[in-house]
Amino acid sequence: MTTTMVKPPEKKLPPLPKGRLLSGNLKQIQREGKKFYLNYTQEYNGIFRFRIFHVTAYVVNELDTIEEILVSKRRNFIKGKSWNTTRLFGGNGLLTSEGEFWSRPRRLTQPAFHKQKLQQYAQTTSEFSSRMINQWKGGRHAIYLPICAS
């Protein structure tokens with residue numbers, strides 16, 4: 001009797017920039033800010049992962065891959081354990097849920113994001129913005145933004 005060993009397919013993960021043993025890429029992200037994401041997106045052709053302590057996150061800036069994740073192969077991707085905390089505070093809604101629980105609200109909201117609807121939203125936003133700007137006279141109107149102080 002002969003036995004044949006079949007090696008399981010290897011998971012090919014996106015590249016991971018070198019980080020610190022415990023904190024991962026946290027210091028680098030704090031130091032570089034958005035440049036961290038921009039530089040590695042360019043270096044790794046639009047897809048990479050990074051780590052902050054025990055949480056690994058993925059950056060995908062490649063349209064075909066985004067389409068696969070969100071549409072054509074969405075069942076192959078899960079949100080994972082890191083979303084459990086978000087669910088505690090935000091509930092199990094469209095952003096945090098998965099599977100069948102996610103499907104119903106997704107179908108209900110999908111028409112609001114149709115290309116024609118998005119074009120209508122943009123047109124309406126543009127019209128209202130133009131009206132508001134035309135009402136401003138000589139700098140007498142100001143926009144106040146709330147600032148949170150700790």
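We're numbering straight along the sequence, starting at 1.
Both Phe113 and Tyr121 sit in one connected hydrophobic cluster of ILVMFWY residues. Membership requires side-chain heavy atoms under 4.5 Å apart, directly or through other members. The same ILVMFWY cluster, assembled from side-chain heavy atoms under 4.5 Å apart, contains both Tyr44 and Ile52. Note on Val71 and Ile47: same hydrophobic cluster, where clusters join Ile, Leu, Val, Met, Phe, Trp and Tyr whose side-chain heavy atoms are under 4.5 Å apart, directly or indirectly.
Among residue pairs with one or both ends in residues 38-60, none qualify as salt bridge (Lys or Arg N to Asp or Glu O under 4.0 Å); sequence neighbours excluded. The stretch residues 97-117 participates, sequence neighbours left out, in these side-chain hydrogen bond (donor to acceptor under 3.5 Å, both in side chains) pairs: Arg106-Gln110.
Across every non-hydrogen atom of Ala112 and Leu118, the tightest pair is O-CD2, 4.4 Å.
Applying the 4.5 Å side-chain rule to ILVMFWY residues, one finds that Phe101 remains a lone member of its cluster.
Gln119 pairs by the side chain to side chain donor-acceptor pair (under 3.5 Å) definition with nothing, not counting sequence neighbours. Taking Thr125 as the reference, Ser129 meet the side chain to side chain contact (heavy atoms under 4.5 Å, CB included) condition, with sequence neighbours excluded. In this structure, the side chain to side chain donor-acceptor pair (under 3.5 Å) partners of Arg87, at least two apart in sequence or on a different chain, are Asn84.
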inquiry  = Determine whether Phe48 and Leu16 satisfy the following criterion, side-chain contact (heavy atoms from CB on, under 4.5 Å), listing intermediate values before the conclusion.
reply    = CA-CA 6 Å; Phe48 72 97; Leu16 175 70; over 6 Å; no

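Phe53 CZ to Leu22 CG: the interatomic distance, rounded to the nearest 0.5 Å, is 7.5 Å. Atoms NZ and CG, on Lys18 and Asn25 in that order, are 11.5 Å from each other to the nearest 0.5 Å.
Summarising the local packing, CD of Gln42 is surrounded by 12 or fewer heavy atoms from other residues, nucleotides or ligands at distances under 6.0 Å.
A donor-acceptor pair is defined here as one N or O able to donate and one able to accept, closer than 3.5 Å; such a pair exists between the side chain of Thr96 and the backbone of Gly93.
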Just distance, no hydrogens or angles: give the donor-acceptor pairs under 3.5 Å from side chains in residues 28-40, sequence neighbours left out.
| residue | atom | partner | partner atom | Å |
| --- | --- | --- | --- | --- |
| Gln28 | NE2 | Tyr40 | OH | 2.8 |
| Asn39 | ND2 | Lys35 | O | 3.2 |

Extract all donor-acceptor atom pairs below 3.5 Å that involve side chains of residues 55-64 and protein atoms in other chains or at least two apart in sequence.
| residue | atom | partner | partner atom | Å |
| --- | --- | --- | --- | --- |
| Glu62 | OE1 | Thr65 | N | 3.0 |
| Glu62 | OE1 | Thr65 | OG1 | 2.5 |

